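Presented below is the structure to which this report refers.
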Amino acid sequence: MKPGLFLAPLLLLVAGCDGTTVTQEAEQINRGNYAKEVLALPEGDLRIVLFRAIQDAGVPCQGVVSAEQVGTNPNRPQWRAKCTDGSYNLVTVDPNGTALVISPKSP
């Protein structure tokens, strides 16, 4: 397995239900701990964030259909994300927003 590294901060792709914009949400996350913010996401939003991290790492994935948290460190949460093609990727999120993607299909 080769690791792919997604260095851009993780941003929520879905605008908040309370009327905030994606930019406002990104600014709120920038002031906090990305890892804790990602841990608090609803399942659908979590799958979107993991999908973007996998895509940005250059790993082929058409969408994340499920995600199982496998790490126990709240400062560096880790998920096993299943793509639509049945492949699995391990995604770890650091407090600074860096996501490490480990996949058998990493470039």
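We use all heavy atoms of the structure for the numbers below, so side chains are in, but hydrogens, waters and symmetry mates are not. None of the values given here were measured: they were computed from a predicted structure.
- Taking both residues in full, the closest heavy atoms of A53 and V91 are given as CB-CG1, 4.2 Å, listed atom of the first, atom of the second, then distance.
- Among residues at least two apart or in separate chains, disulfide bond (SG atoms under 2.5 Å apart) pairs with a member in residues 35-87 are C61-C83.
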Sequence neighbours excluded and cut-off under 3.5 Å, please list the side-chain donor-acceptor pairs for residues 67-77, or say none.
| from | atom 1 | to | atom 2 | distance (Å) |
| --- | --- | --- | --- | --- |
| Q69 | NE2 | G71 | O | 3.3 |
| N73 | OD1 | N75 | N | 2.8 |
| R76 | NE | D94 | OD1 | 2.4 |
| R76 | NH2 | D94 | OD1 | 3.4 |

Steps toward side chain to side chain contact (heavy atoms under 4.5 Å, CB included) verdict (W79, V93):
CA-CA 9 Å; W79 290 269; V93 179; 3.8 Å; yes
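- To the nearest 0.5 Å, atom CG of residue L41 and atom CG of residue L50 are 9.0 Å apart.
- The minimum heavy-atom distance linking P95 with N33 is given by the pair CA-OD1, 3.4 Å.
- Scored by the side-chain hydrogen bond (donor to acceptor under 3.5 Å, both in side chains) test, Q78 finds T92 as partners (sequence neighbours excluded).
- With sequence neighbours excluded, the residues that form a side-chain contact (heavy atoms from CB on, under 4.5 Å) with S66 are K82.
- Note: F51 CZ to N89 CG = 11.0 Å, rounded to the nearest 0.5 Å.
- Closest of all the heavy-atom pairs between P104 and Y88 is CD-O, 3.6 Å.
- Interatomic distance, L46 CG to L39 CG, rounded to the nearest 0.5 Å: 8.5 Å.
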